[in-house]
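A short worksheet on the structure shown next.
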Amino acid sequence: MAAPKKGRSASAQSKPGRSLALILIAIVALTGGMFVSGHTTPRLGIDLAGGTSITLKAKADQGSAINKANMDTAVDIMNRRVNGLGVSEAEVQTQGTDNIIVNIPRGTNSKEAQQQVGTTAKLYFRPVLASEPSGAAASPSPSGSPTVGSSPKPGSSSSPSASSSQKASSPGTASPTASATTQGRAVTDALKAGSSPSPSATPTGGSSPKPTPSASGGTDTAKLQAAFTALDCSKPDDRAKAGNNAKPGDPTIACGKIGKGYYKYLLGPAAVDGTEVKKAQAVFDTQGASGWQVQMTFNSTGAKKFADITGQLAKNQAPQNEFGIVLDGEVVSSPYVSLAITGGQAEISGSFTQQDAQSLANMLSYGALPLSFQEQSVTTVTAALGGEQLHAGLLAGAIGLALVVIYLVVYYRGLSLVAMASLVVSAILTYVIMSLLGPAIGFALNLPAVCGAIVAIGITADSFIVYFERIRDEIREGRSLRPAVERAWPRARRTVLVSDFVSFLAAAVLFIVTVGKVQGFAFTLGLTTVLDVVVVFLFTKPLMTLLARRKFFANGHKWSGLDPKSLGGKPPLRRTRRPAGPAAGPVDPKEA
């Protein structure tokens, strides 16, 4: 009966090197991957690396109620907006019933994200009635305007489109000309009509873009034209006030930045609402010379409106063949139209950079929120403050680790070497995996995550203690070290697995039901719990098997932590021949 068990035990003790080699290979491979990827340190969260925290308060001024559904929709749109800019580890979450907190980490497009998230994002497509350079940009005379048409406009890079998806160029490099904006009669007629310029309106030309109100134009038309003439978009105050409180159905004025200068626009009533843009994305034109483009798809209502307005604009001359894409009163793009665009799809092309194209696509895709928001506060955490918090967290972890090591040395003596080596292996694996998870899934180490790592020190040490105590129990019963190590493992293994399962389950539940930084604590706790199982199975147990063959431990040296006399062990168990017959009493299965 004892022979098979002895054979299995001998086999288990003879191959501990395989497990140690396996975990060593894993450490080398993960470390190599960390250096190859170039991410040799974990990404840090806002509270450690610094960043910006924005508090937004919802306002029910768009006909929508402030309720959970609308707040959740706003959070989702803001999340996609920020992620669309490539901002990693940004947090967008509700606070109370009418507040949204946006945390943007340092080292990303935080300024642009703050601008886009903090706006109320009312997006409209408005026909351009007049436009001209403003302020310092008034002197240059660019070569052409942005386009939205299947036939290229002279001076632009647009090319014919074979499909229903038409092309337009961005105002990034192609700007409206001042000489082309003097259609005084057409502008006045459009303003009086309260709609986009009439297709039959013929520009009269001229050198000065000053629309002249007619006697029948009314006081409002005269005021708007006077405001357009007086507008200086190079001044921040004028830009902020331009088009304030303008209704979608009324003409308005607005500013837009083209290159390094500003242009001012006189715009007609909104022809298409931003909510009617179904999808927009930045793509690179690999077959033509257009470079980066923005492709738009409208819903059925928006497609019809867009076809109508582009059909009207295509009959006009510059700049009244343009439409302004207006986000919160600012013209972010003003492509021109050469043909009516049908089919519900359009492309905006020009001298876009990738960042410009993605930014415009984000505005078009996520421009409409169910609620408007007012910026309540903006808090910036400096890198210095984050560094102090990181230093404090690391100091707390070092103190906790030092206390654990002191306890292990005092109580377990030689066995503490096994525990410390296991802690080092666990720390290396945790550090390398956290560094790799940063670029892989956007994981960032914040202060709660550091707390989770500190708690994990105790969980890992607890696993070693369970195993060591099981070994000591076997020695107290009179067994030598080598069989004690193998006999203690099955019982210690069950205890370790149950304990780690409970810890992992608690971390998983905490991760699922919480939001924000608490998830960092739960994720780190779950990760280190899994690594604890790996280290105990593939490192601690095989290393203990190897050390049991060394005389220092096998002979029970008083500094080994396994001295039978210090443990109060019984005399060594001796194998005896089992008496034959019924006189033989029950045999202890452990001795067998």
Side-chain angles (χ1 to χ4, degrees), residues 11-45 48-49 88-89 390 393-394 397-398 400-402 404-405 408 414-445 449-450 452-464 467-468 485-486 489 492-493 496-497 500 503-504 507 520 523-550 553:
S11 176
Q13 295 183 54
S14 63
K15 300 177 182 178
R18 290 186 179 181
S19 299
L20 294 175
L22 180 62
I23 197 168
L24 178 62
I25 292 172
I27 292 175
V28 171
L30 290 172
T31 305
M34 179 182 71
F35 282 102
V36 169
S37 67
H39 298 86
T40 55
T41 57
R43 290 180 62 251
L44 300 180
L48 297 181
S88 302
E89 207 256 326
L390 178 60
L394 294 178
L401 181 60
V404 170
V405 170
L408 291 173
L415 284 178
S416 63
L417 297 176
V418 180
M420 287 187 285
S422 300
L423 285 172
V424 170
V425 171
S426 180
I428 293 174
L429 287 173
T430 302
Y431 181 88
V432 172
I433 290 176
M434 284 184 176
S435 300
L436 292 174
L437 288 179
I441 64 173
F443 171 78
L445 187 68
V450 173
I454 295 173
V455 172
I457 295 174
I459 294 176
T460 305
D462 182 62
S463 299
F464 308 150
Y467 186 32
F468 294 162
V485 167
E486 299 305 322
W489 172 243
R493 178 179 59 199
V496 169
L497 287 175
D500 284 344
S503 296
F504 182 82
F523 183 86
T524 306
L525 182 61
L527 174 64
T528 51
T529 300
V530 173
L531 291 179
D532 175 49
V533 176
V534 174
V535 170
V536 169
F537 274 71
L538 298 183
F539 185 81
T540 307
K541 165 59 171 59
L543 181 61
M544 197 66 223
T545 299
L546 290 177
L547 292 180
R549 302 172 183 176
R550 300 295 180 266
F553 290 96

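All figures in this text were calculated on a predicted structure; none of them were measured in a lab.
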Could you go step by step and tell me if Leu20 and Leu24 meet the side chain to side chain contact (heavy atoms under 4.5 Å, CB included) rule? CA-CA 6 Å; Leu20 294 175; Leu24 178 62; over 6 Å; no
Donor-acceptor pair, distance only, cut-off 3.5 Å: does the side chain of Thr528 make one with the backbone of Leu525? yes
Can you give me the closest heavy-atom contact between Ser37 and Leu436, atom names plus distance? OG-CD2, 4.0 Å
For residues Ile27 and Val432, determine if any side-chain heavy atom of one lies less than 4.5 Å from a side-chain heavy atom of the other. no
Phe523: partners by ring-ring contact (aromatic ring centres under 6.0 Å, His included), with sequence neighbours left out: Phe443
For residues Arg43 and Leu437, determine if any side-chain heavy atom of one lies less than 4.5 Å from a side-chain heavy atom of the other. no
Are any non-hydrogen side-chain atoms of Glu486 and Met544 less than 4.5 angstrom apart? no
Shortest non-hydrogen contact between Gly452 and Thr524, atoms and distance: C-CG2, 4.0 Å
What heavy-atom pair brings Gly526 and Ala507 nearest, and what distance separates the two atoms? N-CB, 3.6 Å
Rounded distance (nearest 0.5 Å) linking atom CE of Met434 with atom CG of Leu429: 11.5 Å
Drop me the distance from Leu543's CG to Ile23's CD1, to the nearest 0.5 angstrom. 10.5 Å
Rounded to the nearest 0.5 Å, how far does CG of Leu527 lie from CG of Asp532? 11.5 Å
My understanding is that only residues two or more places apart in sequence, or in another chain, count here; which of them pass ring-ring contact (aromatic ring centres under 6.0 Å, His included) with Phe504? none
With sequence neighbours excluded, what pairs up with Phe539 under the ring-ring contact (aromatic ring centres under 6.0 Å, His included) test? none
Do Val533 and Phe537 come within less than 4.5 Å of each other through their side chains, counting heavy atoms only? yes
Test side chain to side chain contact (heavy atoms under 4.5 Å, CB included) on Val536 and Tyr467; report intermediate values, then the result. CA-CA 9 Å; Val536 169; Tyr467 186 32; 5.9 Å; no
Flag side-chain contact, heavy atom, 4.5 Å: Phe553 against Leu546: no
Selection residues 422-436 - residue pairs positive for side chain to side chain donor-acceptor pair (under 3.5 Å), sequence neighbours left out: Ser422-Thr540
Would you compute the distance between atom OG1 of Thr31 and atom CD1 of Ile428 and round it to the nearest 0.5 angstrom? 7.0 Å
Within a strict 4.5 Å, meaning less than it, do heavy atoms of the Val496 and Arg493 side chains meet? no
What are the two closest heavy atoms between Met420 and Val405, and how far apart are they? SD-CG1, 3.4 Å
Residues in ring-ring contact (aromatic ring centres under 6.0 Å, His included) with Phe468, at least two apart? Tyr412
Counterpart residues, side chain to side chain donor-acceptor pair (under 3.5 Å), relative to Thr460 (two or more places apart): none
Closest heavy-atom contact between Ile457 and Gly397? CD1-O, 3.9 Å
Between Asp500 and Thr529, a side-chain donor and acceptor under 3.5 Å: no
